[in-house]
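Comments concern the structure below.
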2 protein chains.
Amino acid sequence: MKKELTEKQERVLEFIKKFHTNNAMMPTVREIAKNFELSIGSVQQHLRALLSKGFLIKRGSLSRGIDFPNRKTFAQVPVLGTVHAGTFLEQIEDASDYIYINTDVTRNKKCFALKVKGDSMEPSGIVEGDTIVVSKGELPSNGDIVVALVDNESAVKMFYKEKGKIFLKSTNPKYPTLSSDDYKIDIVGKLIYLVRQYKN
Amino acid sequence: MKKELTEKQERVLEFIKKFHTNNAMMPTVREIAKNFELSIGSVQQHLRALLSKGFLIKRGSLSRGIDFPNRKTFAQVPVLGTVHAGTFLEQIEDASDYIYINTDVTRNKKCFALKVKGDSMEPSGIVEGDTIVVSKGELPSNGDIVVALVDNESAVKMFYKEKGKIFLKSTNPKYPTLSSDDYKIDIVGKLIYLVRQYKN
DNA sequence: TATTATAATATACATTTGTATTTTAGTCAA
DNA sequence: TTGACTAAAATACAAATGTATATTATAATA
C-alpha cells in the first residue's frame, strides 16, 4: 500500500540513502539542497512529501533528525579466532576483528564470532571460511548447531541430548559422533548467525 | 601505540559508541553533556582528548561531525524476492525488506538480495532460507556462483563458460547441468555475500 | 473552470550546535 | 614549587540547521 514517489522525490530519497551509507549520518536540508542545486524550500517540500508518504520519519527537531522508518541498528561482535569444524583444532583467542550484526538477531545476547575451518558441517551449509556468530552460554535444543569444547578443543557440531548424555554429531558422515561418555564436553554456545563473503 | 584513556574519557567514548549504535548518528556535545550531567565545556575537553589520542576524528565543523577512525559503513540492499536453487521457480519482485552489508563488501556495486529455496546448491553451502547478495551485472568467472534467468525463470547455479557456451551447474548432482544450447540463459549477477539466521 | 499536487525560489527567524574563553581545582611528576 | 594533565563549570558567540511563510509556475484532474 505504499504510495508512489515522483521521480524527483525518488532521487532525493536515493541521495539520502547514499549519503547515509557514505557518512553514517543523515544529510541536512541544506546538504541535500546543495547536491541538487535546489533552494532550501524546495527540498523542504520534497522531505515533507517523503515524510507524509512514509519513506522517512522524523525524530523531533534535531539536526540530521530524519530517519528511515525501519532502519536497523548493529551490534559490534568480536571475531575471536578460528574454530575447526572437523577435527577441532585451534583455540579461542583474543579479538582481532569485528563484524556487525543486526541487533534484532543478537537481541542483547553475549555474542562472539569465529572463522570456520574444516568440512565436517558441510551438509548443513557451513563451509570453510564462513564466519559464524555464537550466542554465548545459550542452552541448545536437539538439532541445534553449537560450538563446544571437546576435551578443551573447540568444535562446531550438531547437538543432541538423550537420557542425560550429550551427543555431538557432524553432519558430514565421514566424521564420528562424539558422546559425553568418551569426551569431556562443554557447550560454549549456540549458532545464531552465519555470514559468508565470496571471493571478489 | 594507542595512548591510554582516562576512566572518564573511556566512559564518554562508550556512550558515543552506544549512542551511535542506537541512533545511527553521533551525539552532539550537548547530548553527551546531558547524559553525564556535565557542562558543555567539560565535554569539550573530553572530546578534545579523544580526538588528540586518536579515538575519534572530526569532519569539519558540522553538526554531529565527530566520527570513529575506522567506522564501517553499510549499504542498504533490497531483498527482492525468492529464488529457487533447484527447479527455478519464483520471479523477482518488488522490494519487501532490506539487509545491510558492509560497503567494503558491496564496493559501490549495484546489489540486491534474494531468499533461497531448494537444495540444488547444498553441497556448496547454500541452503533453503539463506539470503544471498547478488552483484548485479557483474561478469562471473568459471566456478563463480550466479543468479541467472533460465528461460526467464530465476535460478542459483555455478557458472562455467567454454568455447562460447555457458553451462549452469547445480552442485547437488541430482540436478542436471543446463547449457546455453538448450535454454535461453541470462546472467543476472554474481554472488558476493551470504547470510543465514538460525532459528531462535 | 477550479482544484490539487508537484516543483521551485526567496526570505526570515528561532533553535540547535560547535567553538572559544575564562576560571577553579585536584593530582602527579620533574 | 612549578608545570602539565585532567576534570569541571559558566558564559558568550558564530555558524549550522530546522522551520515557517509567501510567491510563482506547471501539469493533471474532477
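What you see below is based on every heavy atom in this structure, not just the backbone, and it leaves out hydrogens, waters and symmetry mates. Chain A is the first sequence line, chain B the second, and so forth, proteins listed ahead of strands; every chain is numbered from 1. Treat the numbers as computed from the prediction; the structure is a model and nothing was measured.
The environment of NZ in A:K190 is crowded: more than 12 heavy-atom neighbours from other residues, nucleotides or ligands sit within 6.0 Å.
A straight line from CD of B:E37 to P of D:dA10 spans 12 Å, rounded to a whole angstrom. In this structure, CD1 of A:I66 is placed 8 Å from P of D:dG18, rounded to the nearest angstrom. Atom pair B:Q44:CD and D:dA9:P shows a separation of 13 Å (rounding to whole Å applied). A:F36 places its CZ atom 12 Å from the P atom of C:dA7, with the value rounded to the nearest Å. Taking atom CD1 of B:I32 as the reference point, atom P of D:dA8 lies 13 Å away to the nearest angstrom.
Each of A:A49 and A:V43 was matched to the nucleotide of DNA chain C holding its nearest heavy atom; the match closer to the 5' end belongs to A:A49. When the nearest nucleotides of DNA chain C are assigned to B:Q45 and B:G65 by heavy-atom distance, the more 5′-ward of the two goes with B:G65.
The side chain of B:R48 lies closest to C:dT21 when the candidates are D:dT17, D:dA9, C:dT21. Listed candidates were C:dA7, D:dT17, D:dA7. Nearest to the side chain of A:S42 is C:dA7. Listed nucleotides D:dA9, C:dA7, D:dA7 differ in distance to B:T6; the shortest reach to its side chain belongs to D:dA7.
A:I57 and A:L62 are members of different hydrophobic clusters when ILVMFWY side chains are connected at heavy-atom separations under 4.5 Å. Both B:F36 and B:L13 belong to a single network of hydrophobic side chains, linked directly or stepwise wherever heavy atoms of I, L, V, M, F, W or Y lie under 4.5 Å apart.
Between atom OG1 of residue A:T21 and atom CG of residue B:N108 there is a gap of 9.5 Å, rounded to the nearest 0.5 Å.
OP1 and OP2 of D:dA16 both lie 4.0 Å or more from every side-chain N or O belonging to A:R30. Taking 4.0 angstrom as the limit, B:K53 places a side-chain polar atom (N or O) nearer than this to OP1 or OP2 of D:dT6. Side-chain nitrogen and oxygen atoms of B:S39 include none within less than 4.0 Å of the OP1 or OP2 phosphate oxygen of D:dA8. Between A:H46 and C:dT6 there is no side-chain polar atom (N or O) within less than 4.0 angstrom of OP1 or OP2. In this model, the phosphate group of D:dA8 is approached by a side-chain N or O of B:K8 to a distance below 4.0 Å at OP1 or OP2. Phosphate proximity of C:dT19 to B:K58: present, with a side-chain N or O under 4.0 Å from OP1 or OP2.
Residue-level contact check: B:I40 touches the bases, meaning some heavy atom is under 4.0 Å from a base atom. Counting non-hydrogen atoms under 4.0 angstrom, A:Q9 reaches the backbone sugars and phosphates but no base.
The shortest side-chain heavy-atom distance between A:I192 and A:E138 falls under the 4.5 Å cut-off.
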